[in-house]
Amino acid sequence: MISRHKKVTPFELAILLVHAQIGVDMIALVNRLNMQTNYDGWISVLLAGVVVQILILLFGLLIKRFPNQTYFEMLEIVYGKWIGKFIIAMYCVFFTVLCSSLFAKYTIVLKSWMMPLTPKWILALLLTLICIYLAVENIQVISRFFFLATSVILLFFGFVIYSLKSGNIYHILPIGNAGLANILKGIYTSVISFQGFEYFLYIAPFVVGNRKQIIKTASFTNVFVTLFYAFVVFTCNLFFSPEEMKLIPEPIFYLIKSFTFNMIERPDLIFTSLWIVLVVTSIVFLLYVSSNGLKLLFKAKKRTIFVIMIAMASYVMSLLLYGEQRIDFLSKFIKPLIVVVTAGIPLMTILFSYLLKRTGETQP
Amino acid sequence: MPEQFGQDEHSQTAQKKPLYTSLEDNIAYIVDQFNETDDLIVEDFFYGKLKGKLLFLNTMADPKKIDELLYNHLKREKKATTEKMLRATLAVQSIDDFDNVISEILKGSTVLILQGESEAFSFNTMIERERQPVEPDTEKTVRGSHLGFVEDLNTNLYLLRNRIQNNELKITYLNVGFESKKNVAIVYFDHIANKEIVNEVIKKVSMISIDTVFSPGYIEECIETAPFSPFPQNLYTERPDRVEAHLMEGRVAIFTDGSTEAIILPVTFFAFFQSPDDYNSRFIPGTVFRLLRLFSFFGVLLLPPLYIAFVSFHFEIIPYELVSLVKGSVSGVPLLPFFEAMFMAITVELIREAGVRLPTPIGETIGIVGGIIISDAVVSAGLVSNVMVIVVALTAIMSFTISTYEMGNAVRIANFPIMVAAALFGFAGIVIAMLILTIHLCKLESYGVPYLSPLTPLRFKELMDSVLRLPIWLFEKRPKDLRTQKDKRQYQSREWFYD
């Protein structure tokens, strides 16, 4: 029985999902997209949003069949005890690797933007400790913190709107120049930044509200995140010419850097520091989800030890991964896996649950 | 069952010993229990056929009252039958065990034990020597009530009952302390306050098993949920009006005999930034000044760390004109910005700590010597830059702006780790330290009420009453997170407006 206090409202669910998606990847998305789509990236992002929306509606079927189960529990029911456990274990391993790649990206950005002399292990360790501190808490406390962290997203949003005034519309014209094939390829690239939208499957039983409300919330969140991403990509493309774009790995920070204000000469330093907040929220959610998986796997009562284990494992791995080339190398493996994990396996689960006629009432 | 828990477990008189039938035995036993202390007076009592002994502590009992209660009253009675006559007086209570006899004598009552009876009668003859209620020094207001609590529990409860004339106001007495029993009163509105919260408070207070409750701090420490947090989770107040306001919202107040403070719980972060003065005048100044206090909270936390971060890491962030100004004042200073800040912050703490306990004239002198002379000398000696002095002085003033003493202290203490983080990692350090602080605040809960409520979880309307202070007629409901039994608190007080 989940006690009354530990539930979240649909509004809090929306906040949680927004933070699960907008995070580390936000700053690199534009750059990655431009490799493929030149300056039509924002179309790809919008289309990716549509794809994600379809997935969300499909995942609604899972919640319909398993209203009282988290995603991992569904897996156990649908695939049986052993295969289910194996898949959960794979999920946890994947999340740990994903987590370590986030750690590594964060360290790289922070080192190159703010603290070139601070040892990487200290930067990563600080982040690890903060994430552990929050991730051991229940979903309600996490959502409380995420709500406060939303102000950072709004700040970024506000800044991007502000920078529209110095955009150059000719940078993105003519629209659709990249060609349909490239734009479609861009969907694949940008869907990866949407990873996290499927987390509502993991916390659905903890939400006060029925299936409809959950799906509605997830859809609203998706619309918001899609527009946010599209807007960021659009603005960055307005601002930087395609040639410039190839040279800058973190366009948002460069965008912010190019402005100066009366009292603040280098707003990018402030925003880079604030970006840490978004890194924390992404990692915390990953830790929360994966530690829940391990908890289920080992039939434990508390998650604390698993959170610490996963966080420390990712921390150590991130130190090994440090370096642009290694990260790029890892991303090559992670990208297709993200699609498999966020879309492939859940879709397969829907299929099997119908084929095998297994629902929430079925004993695993 | 809270009453059975811990209360009498350690006390010496766990089993109640009934009185003997023999008068001499009774007296001997009681005198022995008091270790033949010299202020225990045993006097003979004769009245008609009745014979007995009077016992009282002459340090605690008022001889005038004894005269008045016993002799004057008894003389008026014609027929002297024991109980009938004794019950006629108001302040009499019959007791049949030694435990109660002893505690009555200790309170200052006079106990009468009659010959041949295993029953005693106690008369309330306590000396009343109480301070008059005055305005509390720590919570002064410009307008509104100027009344404060005193050290006597009954007077305090009288002040409260006098303000709130409602039969639903419930007082639960508990005895805490097994060496010296202190009366603790838990006060709440029976029809408003959440029953779970009330029961939990009563349970926790009655579970306290300690020799004596020296101050309300003892109770607070024993019942608070997160004892290791730097932030206060219970609100102290010396003002009846403040207690009234909080009780009306559905909170619980704890009074301890012998202390001028009431503890109010469960409170949230924003309660520490409110002052009764906000509600004593119109809402616009109330809102502005409350925002000023909240702003000071962030000012205290961030100003010195930001200075450290600017000067030691991110000079490029401040505009050129300011750079030359700051650089000019910093250039000759041999200390690192961090040690500069630490030095000044510790100096301010020293001045405060020295000034608090000294008599006012000396305290003022200390303030002048510390504040003006030291800071001036420190700058002209070139130890600390003058911008740093400005920053630290401003920080100190801001911390005293926060309307609750406890919160001001908490913030100034939380400031030190943030300074360390800023000195080590610059801006990123500040963000990381603030993250830890924010996560900590999000984690805090007292009695199921999130500490940062109504900011997160967001209750927009309540936010308008706790961060801002919009007109009272806008707020028709009590705070949701207190889970009160009665939600509504107001029904369109400005209905005339729509006529």
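Naming: A, B, ... by sequence-line order, numbering from 1 per chain.
In this structure, the portion of B:L322 lying under 4.5 Å from any heavy atom of chain A is its side chain and not its backbone. Contact of B:F425 with chain A is made through backbone and side chain together, with heavy-atom distances under 4.5 Å. In this structure, chain A has no heavy atom under 4.5 Å from any part of B:L306. In this structure, chain B has heavy atoms under 4.5 Å from both the backbone and the side chain of A:I264. For A:I15, no part lies near chain B; criterion is any non-hydrogen pair under 4.5 Å. Looking at A:V136, only its side chain comes within 4.5 Å of chain B, counting heavy atoms on both sides. Only the side chain of B:L452 comes within contact range of chain A, judged by heavy atoms closer than 4.5 Å. With a threshold of 4.5 angstrom between heavy atoms, A:F145 approaches chain B through its backbone and through its side chain.
A donor atom on one side chain and an acceptor atom on the other are not found under 3.5 Å apart for B:T484 and B:R478. The closest side-chain donor-acceptor pair between B:T225 and B:E445, if any, does not fall under 3.5 angstrom. In summary, the side chains of A:S143 and A:Q140 do not present any donor paired with an acceptor at a separation below 3.5 Å, with no hydrogens or angles considered.
In this structure, A:K165 is not positioned above the aromatic face of A:F259 in the sense of NZ or CZ being under 6.0 Å from the six-membered ring centre and within 45° of the axis.
No more than 12 heavy atoms of other residues, nucleotides or ligands shown are found within 6.0 angstrom of NZ on B:K477.
Ring pair B:F427/B:F310 is perpendicular by interplanar angle, where above 60° counts as perpendicular and below 30° as parallel.
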